[in-house]
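Here's the structure, in structure tokens; my notes come after.
All values below come from the heavy atoms of this structure, side chains included, with hydrogens, waters and symmetry mates left out.
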Amino acid sequence: MTDFQIQLQNLTLWEIPILLFIVLVMFLSFRKISSETPERGRLVLLILRSIFFIWLAFLTLKPFVNWNKIRHFSPTVIFWMDNSASMKVQKNFSADTILTQFENLQEVLEKRGAKVIIEPFGTDISQDRNSFADLTFDEPGTDLSQTITRSLEKHTDEAVCAAILFSDGVSTQGEEPGFIETGKRFPIFSVGIGDTARLTDAFVANLEIPAMAKVGDTIQISAEIVPQGDGGLAQVFLKENGRIIQKKTVERHRESFRRQITFSQVLQTPGESLLSVEIDAEKDINPYNNTKAEGIYVKATDETVVILSSMSNVESTFLKKTLESDRRFRVYNLVESNDGWIPKFESKVFRKNWVAVILIGYPAENSNVNRMAEIRRRIQSGRTPVLVMDTPSLSQDRLNGLFDEKLLVGKPENSPIAISVQMTPESYDHTIFRDIFWENDPKTIIRNLPPVGQRFKKLVLADGFENLITSSTLAETPILAVRDFQGRRLALCTGFDLWRWSFMTTGARRMDFYQETILRLVNWLADTSSSKNVRIALDKSVYLSGEIPEISALAFDGKGIIRPEMVLQAEISDNPQKKTPVILSWDGQRFTGKAPALSAGNYRITTLAFFDTKEIGHAEKTFTVIDQPVELAKIMQNSSGLAALSFQSGGKKVSLSELDDIAGSIQIRSIDREEHHELRLWRSLGAMLFLIFIIGCEWIYRRILGYQ
């Protein structure tokens, strides 16, 4: 120990009164002492009290002790031994012969005074293995970067003279060996194993596409490819849902050069799409890494929604204005008259494709038969989704005729009064309303919904409809009902003045229930994929054993808007009893996550979206892991990566035949490191215990003497 010092910190103004108070207390404590107390006892009490107050005053000055200590570290050499399955399939690999060579090297180093630490590794350092006998060369993967980084942290305070890395340099995850940051703490000698001849493995390393776009947008698909091979050309394809839509040709190179390639694509089809980039190369040793895929959701724009009315009414005007608040819809409001549809200049709409048609009181008893036949053809052949809104003019028989089936059964009943409404328990789990109340109180909103219907007409629906909103005063009377049969969607609203919901539900901490309901309802009708609030994609469908699947997901509300505030949970299973959780986190565009390495088999991944504790939706995908270890996909030595790793640390790369020469290159020396220590006495537990000890001694002694 050297340079032992005790220092006192400067006094502050508030500490001076404390010191004066301590001096005053000492003076008063010994001003009068009972004459009955023996002289010797008074002297002991004086000493004990003086020690206590002096020590207390001393601590008030915040003393601290500094000292330096020389610590001796014995020399250490680390053996990083690659224990992965790819080692034993390398050419000229004999475990017994190689381990014997390393045991001889260990013996030489130990004779020179070095301590040898053996660390087998795969995807992590094997904590329970620390000898050559533990090397089985069966680890399913390799993560050199994580292994070396953790080992460097583990041996920070040791006198490491050198590290010897025995590996083929093949990593299945983490950084490439040449990019691992080691610094120059000690030299690393890489002993490479395996054939250094380049193998032809062209692959797609990365893919970037936007998570969401609109029809008509031009998006950029950026892929990072490695067109490795023995010269010649390779084809790179852009695919949409497995169909080739673009192709580019690139040159192949012997070196593993990464190349950025970009495709521009104009989106034409709304809905969910899977875009993938695939490189097709001859004599490719691993065809399972030739593809990367990512999901994209394409929102429709300028979609035609047609409102057909048998007479002019407030509902159609209000409905048109509401739908036009969503820019994806182009809304036409046509009213039937004796001369045709009004306005006549918009009759061109019949030449367009309709994503949905809304019938308000149509067809009526006096509706034109020829015009009804046109609407019937659209509904039947085009499978156009329909929203039927009941009015007094609606003809039940003619409506059934448009669908070639009875949607409304029985004779309608007239009610002279408006009725109150309520949502059914099933509606809260339907796609339309599943997430509508996540920022509002549903009971307050529903309670304030005004009655519907001026002279309400009670209708009876055919089987197959799902009631979402019903009357709370007339049993099982539907206000809003939907049906989805074989991909044909249909909705029916009764009560002519639903627009009053808009005026009665807006305001502080409320929502426009009419607008939300109509937009969600038409979105559900127009977009058959809108029933999926969650969409997931995998980067490919077939993986090698030990490979890590990459997962991406999106969560939507009922209007097709991405919701990053949702919580997504994912589970991977190969049977109902065994499920492995996967963490998905928002990266600014989509939810992403990586599954753990899996053994061979067929798997299903299920993704659930939650808001608070309520499940909003789920999605599933299946994929396959084949019985071909990812470790064995590249049976070659990563010679350049190992050489770069050794070079930056001050070491060098050697072959197995040069292993015996390494011992002479390592400088075996111990390290004497000066360590600085500091102890702040006023924070020390020992200083406080000493105060308590002195107080206790003084009190015990007074009790013995009978002095109060």
| Where do N602 and T622 land on the side-chain contact (heavy atoms from CB on, under 4.5 Å) test, with the steps shown first? | CA-CA 7 Å; N602 295 317; T622 58; over 6 Å; no
| field | CA sep, side-chain torsions, deciding dist, call: L521, L480, side-chain contact (heavy atoms from CB on, under 4.5 Å) | value | CA-CA 10 Å; L521 178 59; L480 172 60; 3.9 Å; yes
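- Across N467 and A481, no two heavy atoms sit closer than the pair OD1-CB, 3.4 Å.
- With rounding to the nearest 0.5 angstrom, the CD atom of E294 is 12.5 Å from the OG atom of S273.
- For the residue pair D627/S545, the side-chain donor-acceptor check at 3.5 Å is not satisfied.
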| Residues S145, D143; criterion side-chain hydrogen bond (donor to acceptor under 3.5 Å, both in side chains); working and verdict | CA-CA 6 Å; S145 60; D143 190 340; 2.9 Å; yes
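- Scored by the salt bridge (charged side-chain N to carboxylate O under 4.0 Å, His left out) test, K214 finds D217 as partners (sequence neighbours excluded).
- When the salt bridge (charged side-chain N to carboxylate O under 4.0 Å, His left out) test is applied to K299, no partner is found at least two apart in sequence or on another chain.
- Test K540, Q235, K239 against E278 for side-chain hydrogen bond (donor to acceptor under 3.5 Å, both in side chains) and you get one pass: K239.
- Ion pairing between a basic and an acidic side chain is recognised when a charged N comes within 4.0 Å of a carboxylate O; R330 and E324 show no such pairing.
- In the displayed structure, H618 atom NE2 is contacted under 6.0 Å by at most 12 heavy atoms of other residues, nucleotides or ligands.
- Annotation: ring pair (Phe, Tyr, Trp, His ring centres under 6.0 Å) contacts involving residues 569-601, sequence neighbours excluded, comprise W586-F591.
- Side-chain contact between F556 and M212 is present, with heavy atoms from C-beta onward closer than 4.5 Å.
- Here the side chains of T291 and F203 are not in contact, with every heavy-atom distance at 4.5 Å or above.
- Counting heavy atoms from C-beta on, the side chains of S472 and V421 never come closer than 4.5 Å.
- Applying the side chain to side chain contact (heavy atoms under 4.5 Å, CB included) criterion to I245, with sequence neighbours excluded, gives L238, E240, R243, Q265.
- Atom CZ of F610 and atom CD1 of I616 lie 9.0 Å apart (nearest 0.5 Å).
- Between the side chains of E571 and T580, not a single donor N or O lies within less than 3.5 Å of an accepting N or O.
- Residues forming a side chain to side chain contact (heavy atoms under 4.5 Å, CB included) with E550 (at least two apart in sequence, or on another chain): K292, D539, K594.
- Separating the CD1 atom in I536 from the NZ atom in K621 is a distance of 6.5 Å, to the nearest 0.5 Å.
- Using a 30° and 60° split on the angle between ring planes, F433 and F513 fall in the parallel class, below 30°.
- Partners of E208 by salt bridge (charged side-chain N to carboxylate O under 4.0 Å, His left out), not counting sequence neighbours: none found.
- A salt bridge is absent between E224 and R259; no separation between the charged side-chain nitrogens and carboxylate oxygens falls under 4.0 Å.
- Side chains of D429 and S427: no donor on one and acceptor on the other come within 3.5 Å.
- Taking CZ of R535 as the reference point, atom CD1 of I296 lies at 12.0 Å (rounded to 0.5 Å).
- K320 NZ: more than 12 foreign heavy atoms inside a 6.0 Å radius.
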| field | Candidate pair L492 and L408, rule side-chain contact (heavy atoms from CB on, under 4.5 Å), full reasoning | value | CA-CA 10 Å; L492 187 140; L408 306 180; 3.7 Å; yes
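- Defined by atom type and a distance below 3.5 Å, a donor-acceptor pair is missing between the side-chain atoms of Q569 and T607.
- Rounding to the nearest 0.5 Å places OG1 of T494 at 6.5 Å from CD1 of I419.
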| query | Going through the distances and angles, do R328 and N523 end up as a side-chain hydrogen bond (donor to acceptor under 3.5 Å, both in side chains)? | reply | CA-CA 10 Å; R328 67 178 280 199; N523 182 75; 2.3 Å; yes
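- Counting only heavy atoms from C-beta outward, the side chains of L387 and C493 approach each other to under 4.5 Å.
- Separation of atoms OG1 (T424) and CD (E466) is listed at 7.0 Å; rounding is to 0.5 Å.
- Y288 OH: 12 or fewer foreign heavy atoms inside a 6.0 Å radius.
- Contact of the F237 side chain with the Q246 side chain is not registered, since no non-hydrogen atoms from C-beta on lie closer than 4.5 Å.
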| query | Passes side-chain contact (heavy atoms from CB on, under 4.5 Å), T592 versus L584? Steps please. | reply | CA-CA 5 Å; T592 59; L584 298 178; 5.9 Å; no
